[in-house]
Enquirer: 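Let me begin by handing over the structure; questions about it come next.
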Amino acid sequence: MTAPETNQPHKTHELAKTYDPRDVEGRWYPWWVEQGLFEGKDDPARSREPFCIVIPPPNVTGSLHCGHALFATIQDVYTRQARMAGKNTLWLPGVDHAGIATQVVVERLLKREGTDRHALGREKFLERVWKWKEQSGGTIDDQLKVLGSSCDWRRHRFTMDPHMSRAVREAFVRLYQEGLIYRAERLVNWSVGGQTVLSDLEVDSNEEDGELFEFAYEVADAMGESIVVATTRPETMLGDTAVAVHPDDPRYQHLIGRQLKHPFVDRRIPVIADSILVDPKFGTGAVKVTPAHDFNDFATGKRHQLPMVNIMNKDGTLNDNAGEFRGMERFAARKAVKRRLEELGFVKGSKKHRLAVPRCQRTNTVVEPLLSEQWYVKADVLAKPAIEAVQSGKTVIVPEEWTKTYMHWMTNIQDWCISRQLWWGHQIPAWYCGDCRHVTVSRDDAKACEVCKSTNIVQDDDVLDTWFSSGLWPFATLGWPDENAPALKTFYPTTIMETGFDILFFWVARMMMMGIHFMGDVPFRKIYLHGMVTDEKGDKMSKVKGNVIDPLDVVYGIELEPLVSKIKDGGATDAALKTARNTYPEGIPAYGADALRWTLSTYPPQQRKIPLSIKRIEGGRFLCNKLWNATRFALPMLGVVGARGVAHESEGNEHDKIAQADLDAPPAPQTLADRWILSRLSATAAAVQQGIDEFRLDDSTSALYRFFWNELCDWYLELVKPVLSPREGAPKVDADAARVTRATLARSLEATLRLMHPFIPFVSEELWQKLPKPSDRPGSIVTAPWPTPGARDEAAERDMAALQGAIGAVRTIRTEHEISPAASVHVRLCTDNAELRALLQREEIAIRTLAKVDPLEIVGSGTRPAGFATSSAGEIEVQVLLKGLVDAAHETARIERELKRIDKDLQGMEKKLSQPAFTEKAPPEVVAEARARLDELKTARARLEAGRGLIDELKG
RNA sequence: GGGCGGGUAGCUCAGCGGUAGAGCGCUAGCCUUACACGCUGGUGGCCGCAGGUUCGAAUCCUGUCCCGCCUACCA
């Protein structure tokens, strides 16, 4: 396979000085797809280990937001890593039909056209929704591609596809036949705005200001006597069928069993005693009971066999049972009832009251408890094995603390109302017989009643809750109900379900129940729940607040004015607009998908909030730029011509080309730097792997970052410079050593790119293509082998630490004394450790180069010639000649500062060691460590004391 | 009312029984053979508060105060 023309490896292609994601991203994705790199292979025999993630399907209504960017990043990291590790990898994409959300959107469009769905009729309306879906349904998929999501697009699924619809019917019919789906008349959550029933989970209750309104019922046949009740919804009194008091409440004993006179409707209502409903300390201690419009009252009504009087139509207006208030809208009726009660003199008071108001998630209208007949799934039966699966560890929830929440919800699970009075969705496969009233439930469209064979049947108007079909997602997308479907056999159970914790119940729990029930095995081995993306201050992103970060703006960049008008269109307040202007005075630069992905990978998973900030994304781009430049720097040293442009070559700085044989079978490292970087690479590969295994991508990215930036760039590349690209006149380096170093450089850089690829797929591919590499590598980094950690070289790591310490000490003295970076200094490195001296001797060039040292003496300790400042680095005493470079006052100040710091540590350590309790009871290695530290501090202190003498020398 | 999570450097957060960490910020100096989206050095913390366990506690326990989120029928 051949990479896109401009990206041919080893071809002359100048790398820009600064990385520009817009030049790179976008070029690779089509090529990857074309090459079929993202395709999972059906392999029922499982000859290769399968890896599968099914995407949490976004709404067809949706376009990309930060939550999507987060899940896309995490899932793609896992998918790409598994693919590189050689697994048969499938990330299956798709979208969800999102019943209410979609219907609401299309109805809004119709309204703008001056019509509505009822005028259109069901069939025409559905045509319209499908049309709309065709237009906008692909948006989110395209946006996921922008982020680099390596999905197998051939297997894209939609919850309303014919196949998915077949699965839904199969599931419904089976559950019905098993008695796990039934119809019942109950009080339900009715969305007046959406004109449908909602499940408990689709209702959001938030505290709002309300009123506790008190009024009196007159006792019938007892002049003047009355009982005062309180309510937050006065209009419901029209449906009252009792007033309840506490059985032990002395105030009302005499009224229990008496009848009250309803002021507006011709009904007598009893005073009943109920200890469950009534809290005698609250309000007046007397509660009006409206069984058809309140969940508690409903239960009370059942206990006392009270009549249920429904006073409301489904559109929120009052019905004939409301007497003089019939036809009024519910909130108008509330005012009217209050006014009439006032006129009649029954109003006894009103207080402000905070109460939880239930609202429909989708339409934000107040949800009304309403009596109606709906379809339910019997949940406890399905929940039981789903609980056991988590208890036994067949499915593991990460982070672990969610397990408790899952268990709690599952064990207290309520039956699930699955019918919705919508048109957009899977119509319930139940047909009612007009003759014998039998309900026929069938996989195929029923033509006749299965009992009386009458053709006078009509299908249930309602559709199923979207989550019912989503619950089948992990297996229906793979081919179920065809139990022999190759994909199903290959990839079920899936490996990881990764999604936001907010849909643990909505979706994850239901997939668990359905998966186990229909497949006999859990739908996934791991459930990984991530937090919610917020703005940098931790506030939820909202269009009104104007703090929404659009991932695409981060990727492509956006100018200030377009950004502002975009936020404005979202409905932001003026204050929010001002904030936005201040936050992004220059708009947002193009950071690229890689930078965004990297940043999203750096947040720890147990965090509930992911405060995404532009500043952090900027950090991601800096990393990409650094990677770009490190490669740009290395390429010429590996003999790749032209990477830094013609100018560089004309300077006569020619490099030997790396031999293919050295790439295919890298020679063993010899120099300290080479041994060290390979050892650190091993450590890093292990840390990255561990982070992935433990769902700590933050650990993986931070290990990678530190390795690449603080080790590979800060030290290794610097150490390699004098070897592979010596200055004119510099000592000649052994050709064979250079050869080995060249191979090691190529090797470590290539491995770094592979380790980074799951996180930043675009730049890593771009750079990898240019890099010389072993001949057995595939054509794309996408399928290049995942690095496995090699051996560590403890000696090299220890020696390198000593070297870094010595260089660091020189550098510190240099800056503390404001010695010009251009000036060379005379340095003496003193130690009685002969091995150390030999090491320093071997690394002479490194010390001279990295600390700008000349001349350099490496000697035994004991003397300090006049004019030298001293400092220590472990066993090494570092002496730097200051005479002529600095003045005495500076040095005095520095020494006093240092002494103060050391004395503080020294005192602490001495105190610790002087306590017998510590030396006797603490583990020996801890005590030994403390002693060693104490010695070190003492030596350092002595050297500083000695350095005091320096001051006079400097004066002199 | 119940449950859960959190309070560590100016900001955002790691660490969760043995010398306080990162990124960003701040600061001094540098355009040093890739990178100023950079390099080198530095500054900065009674680890919410009070007790207890321990030789030793940011880390474990108890209490307490804040701040979030979820959940619940106070009419």
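Just so we're on the same page: letters track the sequence lines, and every chain starts at 1.
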Enquirer: Is the count of non-hydrogen atoms from other residues, nucleotides or ligands lying under 6.0 Å from A:E896 atom CD greater than 12?
Expert: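 Atom CD in A:E896 is packed in, count exceeds 12.
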Enquirer: B:C35 P sits how many Å from A:Y19 OH, rounded?
Expert: 18 Å
Enquirer: Nearest to the side chain of A:T18, heavy atoms from C-beta on, is which of B:A75, B:C30, B:C37?
Expert: B:C37
Enquirer: Look at the side-chain N and O atoms of A:R696 and state whether any lies under 4.0 Å from the OP1 or OP2 oxygen of B:G15.
Expert: yes
Enquirer: What's the closest nucleotide to the side chain of A:K721 if the choices are B:C39, B:A34, B:A14?
Expert: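 Looking only at heavy atoms from C-beta outward on A:K721, the closest nucleotide is B:A34.
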Enquirer: Whole Å only: how far is the CG atom of A:L745 from the P atom of B:A34?
Expert: 15 Å
Enquirer: Measure from the side chain of A:P722, starting at C-beta and using heavy atoms only, and say which of B:U33, B:C37, B:A75 lies closest.
Expert: B:U33
Enquirer: Please determine whether the number of non-hydrogen atoms from other residues, nucleotides or ligands lying under 6.0 Å from atom CD of A:E586 exceeds 12.
Expert: no
Enquirer: OP1 or OP2 of B:C39 sitting under 4.0 Å from any side-chain N/O of A:W709?
Expert: yes
Enquirer: Measuring from the side chain of A:K626 (C-beta onward, heavy atoms only), which nucleotide among B:U33, B:C35, B:C74 has the closest atom?
Expert: B:C35
Enquirer: What does nucleotides 17-25 of chain B look like as a protein-contact string, B for base, S for sugar-phosphate only, - for none, at under 4.0 angstrom between heavy atoms?
Expert: -BB----S-
Enquirer: When you get a sec, tell me which of B:A36, B:C13, B:G42 is the closest nucleotide to the side chain of A:P604?
Expert: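 When the side chain of A:P604 is considered, B:C13 is the closest of B:A36, B:C13, B:G42.
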Enquirer: Side-chain donor or acceptor of A:S725 under 3.5 Å from a matching atom on the base of B:U33?
Expert: yes
